[in-house]
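Everything on this sheet refers to the single structure shown next.
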Amino acid sequence: MDILMNLRDEAYTRVVDELSDLITSGETIRNEEENIRRFSEQMIYVREIIIKLQSQQSGGQFTCSSTTANLLRRMEIAVNNARETIEGYKSKSSLLRLLFCRSVVSKLNQSSKEITDVLSLLPLTDIGISLNIYSNLDAIIHSLKSMELKLEENTKTIHSRLDLYISENSDPSLPPLIEAKEVKVGEPINEAYQFTKMLECFSSEMAPPIQRERSTVDEIVSLPNIFFYCPLTLKLMEDPVNVSCNHSYERKAVEDYFRSGHKFCLLCKKELISSSLGKLELTPNPTLLNTISEWKQRNALINAEKNAKKKLRDAAERITFDNMESTNQVLEELKAVMKEMPSCISEATDSSCKLVQKLAGLLKKSAAAGNAGLVLWCLLFIARFSQENKETIGRGGVIKCLLKQLKTEPIAAVVLLELSTNDRIAQKIIENKSSIPVLVSLLDNPNSHLAENARAVLKNLSNSISNIILIAKSGYLTPFLHEFNAQGNSEEMRAFMAEELAHMQLTEAAASNLNNENFIFHMTVMLTSSLPASQLASLKCIKRLMAFSGIRISFLSTVSTVSAVLCIITDTATEQQSRKEAFDILISLIETSQTFEQESYPGLLRLYSSSNIHNLLEQMNPSIPNDQVWLLRLLLAMFQKSDTARDWIISDREAMNHLFSALNLDWNSEVRFNALKLIYCVTGNYSNDVPLPPPDKETTLNSIIAILTKSCIAEEVSIAANIISHLPRGDKTVDAVLQSSTVLKAINVLISHANKSNEVLENALGALLRCIDQSNSSFLIQVGKLEPVIVQMLSTGSSLVKLRAAMILTHLARCSPESSRSLLGALHFRQPSWKNVFLTHCTVHESCSLQRVICLVKAGAVRPLVDMVDAMNPVAAEAALRALETLFDNGNTEPSVSQSMFNAVAAGTIVENKGAAPILEVLERGPVPLKKVALELFGKIYKHSDITSGELEKFKAILFYLLNEEDELKKKVKVLLTELF
């Protein structure tokens with residue numbers, strides 16, 4: 001502001017000085033030249049106004065310093081021009097003053113108009129009363145305007161004075177003035193006559209303004225200066241030279257003039273100096289020559305511009321919508337004239353021309369007319385001419401047409417680019433809903449120029465944050481990224497942009513632009529912000545970007561990002577929404593990462609570290625329910641991905657205590673379910689027993705049993721069953737709880753409602769296997785009721801279901817005689833009808849089937865077990881073979897039946913159920929542990945009469961092979977070979 005005021009004050013001072021010089025010059029004018037002298041007198045009043053105005057504004061009453069300074073500069077120029085005009089007038093002779101008087105007054109009039117225009121624009125409101133400025137101003141304007149009128153009244157006086165001057169100085173032999181003919185250089189002619197001819201030559205050009213129509217600027221500029229003419233030839237000089245008195249003449253004309261005997265300058269009457277050889281001394285005047293040349297060029301350009309404007313206007317009038325062939329020719333003419341003479345384009349937006357409106361109409365019909373290219377070129381030239389033209393075109397409804405033409409007419413992109421440099425039109429382009437998607441779609445266009453122009457348009461449209469976000473939503477994120485990373489950008493603005501980005505629908509290609517080091521850095525910094533809004537916006541944005549692998553890897557490559565997110569989780573002062581977003585980010589990182597990446601990226605190494613897992617587990621007890629759920633979900637995701645993490649937590653008793661304690665925190669909350677899933681994940685594939693936390697073993701066990709027996713959520717019950725299957729064996733407390741009939745009932749319900757889900761069946765059978773281990777008699781009787789369902793699973797379940805079903809059947813079928821007798825005694829409470837079923841003899845065991853919880857023969861389990869062997873699944877096949885072995889166990893309860901006879905019947909049962917071939921197949925191709933079981937079983941059935949000779953020969957060949965290859969089986973093989981041979 002101080003600088004502007006200084007400039008204003010300097011302008012005031014310069015104007016006052018110029019006015020003072022002008023007044024001084026005017027005071028020396030002779031009294032008879034009243035018109036000019038009065039002009040300088042009026043300037044006294046102007047000076048008083050300026051001085052007073054300067055004093056008022058120095059007091060601080062006005063603040064528009066820059067505007068005032070510009071106005072004062074205009075006045076300074078006008079006053080300076082007036083002073084130079086008067087000084088030039090004073091330097092001329094008496095005759096020249098008469099000749100140039102009208103021109104001088106005309107110039108002073110122009111200066112006076114400019115001065116009065118500036119006075120009317122200056123802030124005079126506050127000082128008008130004290131100086132009576134406006135009355136003086138009116139007087140000044142009236143006086144200046146009357147000068148030219150008075151000059152007209154004195155025209156006769158001027159001519160009479162000119163005639164008097166001529167009569168006093170002319171040769172009487174010459175003809176009268178009005179009869180004078182063309183001047184011939186070299187003839188004896190006097191000064192008065194020459195000036196009279198000059199006066200005739202310029203009289204039309206110097207006619208008073210009140211007698212002519214107002215001239216245009218071009219017309220004024222096109223008039224030649226009087227000094228461009230040679231005083232001798234009255235023609236424009238082509239080789240101007242200066243004589244000794246410094247007046248300029250045409251070289252040839254003044255040389256001829258001197259040779260003809262004229263020794264004095266025609267204009268000032270000073271003697272012309274010549275050399276010793278009598279040759280006139282002449283000095284070239286290159287300055288005047290250049291000035292004349294420049295005037296000629298400028299005049300030619302003005303004329304060419306006039307012609308071009310006329311052509312443009314005529315062409316605009318010939319544009320028609322009816323005859324497109326003719327219109328196309330007109331468009332070609334327009335294109336050519338605007339390209340050749342750009343200045344003629346000023347006519348294009350004239351209200352009478354209506355060229356822009358016509359071109360806009362043609363553009364709308366260009367699809368049918370096929371002249372879109374020509375129309376677009378014309379619009380481009382017009383738009384390039386001025387900002388005003390851009391706005392006129394933008395308001396003409398062409399933007400929508402340009403967008404439609406982009407793919408077919410590449411020049412449309414150039415026009416749109418030109419228009420987009422104007423902020424108002426850029427906003428109109430933005431307001432067209434299809435503009436940004438269309439431009440973004442062109443960024444990958446094979447036409448590189450078209451793609452680059454589209455990119456440049458989008459850059460011009462990115463002139464506000466709202467426009468940048470609109471462009472980003474369409475998939476072009478470069479302006480967004482540039483603005484986000486801009487140095488000095490406020491944290492609030494970055495938070496706003498991050499919030500918007502979090503809700504954008506991004507493609508992989510668009511998101512790749514955000515894989516930028518500075519962007520990742522600013523996002524990480526925002527995670528540590530003290531502003532909750534900034535932190536939350538960053539979390540939402542990072543969570544959204546985790547869907548893109550490139551950005552996800554960038555975040556994982558720096559440990560600071562994961563560390564910042566973990567700090568948000570563990571900081572109890574963090575808002576709940578931010579904590580939830582932080583948990584979601586870490587879960588997303590884990591779920592989308594590969595196992596090998598855990599050792600590759602610092603972020604994952606930090607996340608999977610034992611210290612971090614321990615810290616997360618410690619957060620479980622004191623945290624609120626929502627945090628418990630999120631913590632459990634995070635840990636579940638980690639353990640599902642990392643075997644190392646699972647092994648670590650299984651081996652850490654304190655960590656396991658944390659997990660099991662979560663089951664006791666809230667019975668009805670989501671915490672229990674997620675804790676179950678986490679324990680299930682940890683123990684599901686663990687081969688050893690999982691120890692319960694010693695301090696709360698019974699409480700924890702009861703919680704698990706309660707879930708199994710009371711929960712209405714099938715998945716919860718299934719998970720509880722799986723956990724039961726991994727409970728410690730040999731623990732009396734655990735065994736006692738598991739013998740409950742409610743546990744068996746829950747397992748039965750779970751099996752019955754498994755809906756063919758193998759996972760549920762696997763978990764239910766796993767729990768059942770754990771329950772029958774070290775079970776009492778009554779519990780085994782209850783388990784026996786599940787025989788039909790278990791046998792069915794041998795044929796329909798998964799490999800693990802079949803395995804566990806076979807193991808359960810094996811366990812029940814091998815029930816010891818002591819326990820069997822106690823079982824029979826325990827049945828005294830049953831109705832007599834049970835004997836009809838249970839005392840039925842099977843073909844193998846006959847009456848000894850009474851002593852078994854289940855009989856495989858009676859249960860129809862032999863053939864399904866044989867099929868399991870045939871399937872060659874190593875684990876399931878081994879369980880099936882061991883189940884078939886129970887057929888040879890008679891329990892020594894029937895002394896009248898020899899073991900050999902018992903074995904023969906059992907072997908027949910296996911052979912009858914097509915079991916020989918699958919067992920031989922196992923011996924031939926199975927793994928060694930499975931071969932060992934199969935060899936033991938086939939050694940009991942090969943003597944059966946139903947074994948074919950082919951099967952027997954194959955068995956012998958296999959034995960010889962095993963004798964040479966398998967060391968572990970050699971002893972048994974030798975025994976069998978001895979029996980065979």
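We use all heavy atoms of the structure for the numbers below, so side chains are in, but hydrogens, waters and symmetry mates are not. Heads up: numbering here begins at 1 and tracks the sequence.
Between Glu762 and Arg804 there is no salt bridge, since no side-chain nitrogen of the basic residue lies less than 4.0 Å from a carboxylate oxygen of the acidic one. Taking a cutoff of 4.0 Å between a charged side-chain nitrogen and a carboxylate oxygen, Asp584 and Lys540 do not qualify as a salt bridge. The existence of a salt bridge linking Lys641 and Glu591 is excluded, since no basic side-chain nitrogen approaches an acidic carboxylate oxygen closer than 4.0 Å.
Classification of the Phe484-Phe519 ring pair by plane angle, with boundaries at 30° and 60°, yields tilted.
Under a cut-off of 6.0 angstrom, the local environment of CE in Met497 is crowded, with over 12 non-hydrogen atoms contributed by other residues, nucleotides or ligands. For CD of Glu575, the number of neighbouring non-hydrogen atoms (other residues, nucleotides, ligands) closer than 6.0 Å is 12 at most. Heavy atoms of other residues, nucleotides or ligands lying less than 6.0 angstrom from CD of Gln577 number more than 12.
The two residues Pro864 and Leu794 come nearest to each other via the heavy atoms CB-CB, 3.6 Å. Taking all atoms of both residues into account, the shortest heavy-atom contact from Ala813 to Leu856 is CB-CG, 4.3 Å. Counting all heavy atoms, side chain and backbone alike, Cys541 lies closest to Leu501 at SG-CD2, 3.2 Å. Contact detail for Ile707 and Ala720: the closest heavy-atom pair is CG2-CB, 3.9 Å. Residues Met638 and Leu607 come closest through the heavy atom pair CE-O, 3.2 Å. Looking at every heavy atom in both residues, Ser560 comes nearest to Thr558 through OG-OG1, 2.7 Å.
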Is there a side chain to side chain contact (heavy atoms under 4.5 Å, CB included) between Leu566 and Thr570? Walk through the geometry before answering.
CA-CA 6 Å; Leu566 286 171; Thr570 55; 5.6 Å; no

Can Leu786 and Leu768 be said to form a side chain to side chain contact (heavy atoms under 4.5 Å, CB included), step by step?
CA-CA 10 Å; Leu786 300 177; Leu768 187 59; 4.0 Å; yes

Is there a side chain to side chain contact (heavy atoms under 4.5 Å, CB included) between Trp630 and Gln576 once you walk through the steps?
CA-CA 11 Å; Trp630 297 330; Gln576 284 296 302; 3.5 Å; yes

Derivation and outcome, side chain to side chain contact (heavy atoms under 4.5 Å, CB included), residues Ser549 and Glu508
CA-CA 9 Å; Ser549 58; Glu508 187 75 41; 4.1 Å; yes

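In this structure, Asn513 contributes its side chain and Ala510 its backbone to a donor-acceptor pair below 3.5 Å. A distance-only check finds no donor-acceptor pair linking the side chain of Asn758 to the backbone of Val801 [under 3.5 Å]. Using a distance-only test at 3.5 Å, with no hydrogens or angles considered, no donor-acceptor pair links the side chain of Asn674 to the main chain of Val629. For Ser529 (side chain) and Val525 (main-chain N/O), no donor-acceptor pair under 3.5 Å exists by modelled atom type. When atom types are taken as modelled, the side chain of Asn615 and the backbone of Ser611 share a donor-acceptor pair closer than 3.5 angstrom. Here the side chain of Ser578 pairs no donor or acceptor atom with the backbone of Thr574 at under 3.5 angstrom. One N or O on the side chain of Ser538 and one on the backbone of Met523 form a donor-acceptor pair closer than 3.5 Å. For Arg494 (side chain) and His522 (main-chain N/O), no donor-acceptor pair under 3.5 Å exists by modelled atom type.
Annotation: the span from Ile436 atom CD1 to Ser474 atom OG amounts to 5.0 Å, rounded to 0.5 Å. In this structure, CD1 in Ile465 is found 6.5 Å from CZ in Phe496, a value given to the nearest 0.5 Å. Residue Leu744 holds its CG atom at 8.5 Å from CD1 of Ile751, rounded to the nearest 0.5 Å. Once rounded to the nearest 0.5 Å, the distance linking CG of Asn722 with CG of Leu708 reads 11.5 Å. If you take CE on Met546 and OG on Ser593, they are separated by 11.5 Å, rounding to the nearest 0.5 Å. We find the CD1-CD1 distance between Ile705 and Ile723 to be 10.5 Å, quoted to the nearest 0.5 Å.
Side-chain contact check for Phe639 versus Leu635: some heavy-atom pair is nearer than 4.5 Å. The closest side-chain heavy-atom distance from Leu545 to Leu506 is below 4.5 Å. Residues Val559 and Leu605 are not in side-chain contact: their nearest non-hydrogen atoms beyond the backbone lie 4.5 Å or more apart. Looking only at side-chain heavy atoms (C-beta outward), Ile569 and Leu586 come within less than 4.5 Å of each other. For the pair Tyr680/Glu715, no side-chain contact is recorded, criterion being any heavy-atom separation below 4.5 Å from C-beta on. Residues Val743 and Cys771 are in side-chain contact: their nearest non-hydrogen atoms beyond the backbone lie under 4.5 Å apart. Side-chain contact between Leu531 and Glu492: present, with at least one pair of heavy atoms (C-beta onward) separated by less than 4.5 Å. Residues Leu477 and Ile471 have side chains not in contact (no heavy-atom distance under 4.5 Å, counting atoms from C-beta outward).
Residues Thr742 and Thr709 bring no donor and acceptor atom of their side chains to less than 3.5 Å of each other. Between the side chains of Glu491 and Ser534, at least one donor N or O sits under 3.5 Å from an acceptor N or O.
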